[in-house]
Amino acid sequence: MSTSPYSQAVKIGGMSCASCVARVEKALQAVPGVGKASVNLATETARVESAEPLPFDALRAAVEKAGYEAGLPADAFAAPASGPAAGAAHGTARAAPAEGLHVALAAALSLPLLLPMVLGWLGYHWMLDGTLQWALATPVQFLLGARFYRAGWKALRAGAGNMDLLVAIGTSAAYGLSVYLLLAGQQGMPHLYFEASSVVITLVLLGKWLEGRAKRQTASAIRALQTLRPESARVRRGGQDVDVPTGQLAVGDIVVVRPGERIAVDGEIVEGASHVDESMLTGESLPVARHAGERVTGGAINGEGVLLVRTTAVGAESTLARIIRLVEDAQAAKPPVQHLVDRVSAVFVPVVIVLAALTLAGWWFATGDAERATINAVTVLVIACPCALGLATPAAIMAGTGVAARHGILIKDAEALELAQRIDSVVFDKTGTLTQGQPVLASLVPAGQASGAQLLAQAAALQAGSEHALARAVLAAARAGIVPAAGVQPATDAAGIARAGTAQGGPHTAAGVAAAPVIAPAARVNALPGRGLEGEVDGALLLLGSSRLMRERGVDTGALEATASALEHSGHTVSWLADASACRLLGLLAFTDPPKPTARAAVERLQQRGLQTVMLTGDNQGSADAVAAATGIGRAYANLLPADKTAHIAAMKEQGAMVAMVGDGINDAPALAAAHVGIAMSSGTDVAMHAAGITLMRGDPALVADAIDISKRTMNKIRQNLFWAFIYNLAGIPLAAFGMLSPVLAGAAMALSSFSVISNALLLRRWQPAGKDRT
């Protein structure tokens, strides 16, 4: 992954093959300040990375000097662009009907030229008059085929070659030979080759048109995401509901979402309850319940209730916009395997021209037949066009990342895609990844004369401003006024505490429910990463955290060690509360966090694929062992700091393992970055998602196996496409050079090769996660 802080997108027009990609990249990389430039033939875009923003005019000038067009890409979350940039951005969509018309006209003019050849195969000998053949072929050659001359001339001026140059030279040679033979006035009807030049141009135009249609299908995932954002939203202002364009919404606006409407913004529900369909964003087929105090995402569909949503993110900062950027970045990126193709493509066209010249000279010298020598050289030029090579990789990446995004798997870059299919070890975080991530306070054991209520009040004061999962469990119990007993609570009782705390602890309580008690926060609270926190409550400095923290501060936990040990062995997480001023233990709090319903099946799927599974957690060994036993994890390591997790990942890599790390918290970010592939749960923190190469849009560990599966299938498609593209050229060029193909057959094969490569990639769109029927 690049470390350049700025990335700019440029729409590129006029590219036709892999050689064009190499030339545009070379031109952009020559611009001062550009650190890296990556061009994608399938999306017709370039991604430019630099240490600071670069003026677009400099990038456009470099592209145009190389013989291509440049513009700003369309932005789904900004006002429509205007002028030349906008034209370039939307040129492909406008050009589609024109390309279809050109194909139809070329076919209509070429069919009479091809008809005598077809009749000859059937035993009928008939030939059009030579002048009529010329009249039909000339508009195809110089009007409908003008694009090849323009693009080929630009390539020549830039000192390079591309597919258009090969087509222009090859068809011009066949056309010129035919004109010469016609004007030479040989007795009888000379054998003309107008049908070869015209049919080749027609077939190439047909191939480009089919290729364009297929490329638009590979980009369907992006278009589907872009359509999720409503054009307007209903905003409550001054007691009135007014319709406002979504581009004018601001953070803090209260948006009214009626039943059946699409939610326009990311925000927090301040009033109402409903079920929300988030399937296009997360891949989750069933609507999820949402009520006051919970967050909703723009693009989701509201169910049966009216919701008032306070806007928290708009425009480019919304979740939907970030998802689209991630998918676009992944589709524009290149896996390492593509670099081989780029190196081959950079020299491919000049080599083909040399081979065509050698074919011409060889046949002329060997047979003395200039006519046959020219036609064989033309066939070499036509069949060698490297379109399929340029499309093999990006088409598969677009299709694979697109279908993955539709099912809630965001693949951030092509390197993660390539590495994921080689993974042999999957390392899981525990809390929030394998478990539900919503622990509840199950037991509260005072160490001295203090009551459980006092212990709970002190712990709640310390954690009043914390968003940690254990803190939320303490606050839920405190707000509900429920003090757990000193023994292990049944799961149903623990869940009851959580429900009661949620009911009273939200920012907007339901009518008839008593307001939650006010919790006075501790003073001078200080977080101690990986250990706990400290703060002043009623003038005393209190500590709340792990056994490690107690040992470091010299607090004796011996009085409750037996109780803590029993709780930990039963799968509970234990936190200690102590008075640091007096170095005195006050008590312990025990939490339980059950595994997610799909966790065991998810682990079993990975193990069935031959992958080893490991769990790394900062929790105690007893809790880790309990979750490992419940989910079938092979090995579990506990009491780990973030640096310890990273060290475990590094050790596995040194032993030759290909490691994927799955996590959701800030403390997982270093390990996610250290692994070959980081897989983050979107239910976790932004830090974790930034550190990961793959993001799972719903917190389902079963998606881990799905992510590996779609990565493997996408890489298989890339290999298949590259194999057939290389084999096509390796086999086709010798056949053409030895006179075993006609220009017409070469044109048909060349035109269909690109279409077949993209069609093969599009088969990925039929992929379904193995557990799609999960509920």
Side-chain angles (χ1 to χ4, degrees), residues 439-466 468-490 493-494 496-498 500-501 517 519-528 530-593 618-623 639:
V440 293
L441 183 60
S443 184
L444 205 159
V445 185
Q449 299 300 316
S451 66
Q454 290 174 311
L455 198 64
L456 179 60
Q458 290 171 321
L462 273 176
Q463 298 185 305
S466 175
H468 192 280
L470 297 184
R472 289 196 294 269
V474 170
L475 295 172
R479 286 169 179 154
I482 299 175
V483 181
V488 177
Q489 292 292 307
D493 293 347
I497 295 173
I519 299 173
R524 290 196 286 277
V525 176
N526 180 32
L528 307 171
R531 291 164 173 80
L533 73 164
E534 62 182 359
E536 289 188 7
V537 178
D538 297 330
L541 180 63
L542 301 186
L543 297 173
L544 179 62
S546 66
S547 299
R548 182 194 296 260
L549 177 60
M550 297 298 111
R551 288 195 299 271
E552 290 176 354
R553 295 299 181 89
V555 177
D556 182 12
T557 59
L560 296 180
E561 280 290 354
T563 303
S565 178
L567 287 165
E568 288 177 348
H569 278 92
S570 65
H572 290 70
T573 298
V574 171
S575 286
W576 302 89
L577 183 65
D579 185 340
S581 305
C583 207
R584 178 170 56 91
L585 182 67
L586 298 178
L588 65 79
L589 297 83
F591 304 86
T592 185
D593 183 14
D619 212 339
N620 65 78
Q621 191 66 55
S623 179
N639 299 305

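Numbers here simply count residues along the sequence, with the first being 1.
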Inset, instruction - Please examine the side chains of Thr573 and Asp593, heavy atoms only from C-beta on, and report whether any two atoms are closer than 4.5 Å. - result: no
Inset, instruction - Determine whether Trp576 and Leu585 make a side-chain contact, defined as any pair of heavy atoms from C-beta on separated by less than 4.5 Å. - result: yes
Legend entry - Side-chain donor/acceptor of Arg524 to backbone N/O of Leu541, under 3.5 Å: no
Inset, instruction - Mind listing the closest non-hydrogen atom pair of Val574 and Ala564 along with its distance? - result: CG2-O, 4.0 Å
Legend entry - Sub-4.5 Å side-chain heavy-atom contact between Leu577 and Leu543: no
Inset, instruction - Write down the atom of Ala527, the atom of Leu533, and the distance for their closest heavy-atom approach. - result: CA-CB, 4.1 Å
Inset, instruction - Report yes if the side chains of Leu567 and Leu588 come closer than 4.5 Å at any heavy-atom pair, otherwise no. - result: yes
Inset, instruction - Would you check if Leu528 and Arg553 make a side-chain contact, meaning some heavy-atom pair closer than 4.5 Å? - result: yes
Legend entry - Closest heavy-atom pair and its distance - Ala578, Met550: CB-SD, 3.7 Å
Inset, instruction - May I ask you to test the Leu462-Val474 pair for a side-chain heavy-atom distance under 4.5 Å? - result: no
Legend entry - Heavy-atom pair of closest approach, residues Gly554 and Cys583: O-SG, 3.0 Å
Under 3.5 Å, which donor-acceptor pairs link side chains of residues 450-458 to any protein atom two or more places apart or in another chain?
from   : atom 1 : to     : atom 2 : distance (Å)
Ser451 : OG     : Gln454 : N      : 3.2
Gln454 : OE1    : Ser451 : N      : 2.9

Legend entry - Residue pair Ala459 / Leu589: nearest heavy atoms and the distance that separates them: CB-CD2, 3.8 Å
Legend entry - Heavy-atom closest pair, residues Val445 and Ser443: CG2-OG, 3.8 Å
Inset, instruction - Evaluate whether atom CG of Asn526 has more than 12 neighbouring non-hydrogen atoms of other residues, nucleotides or ligands under 6.0 angstrom away. - result: yes
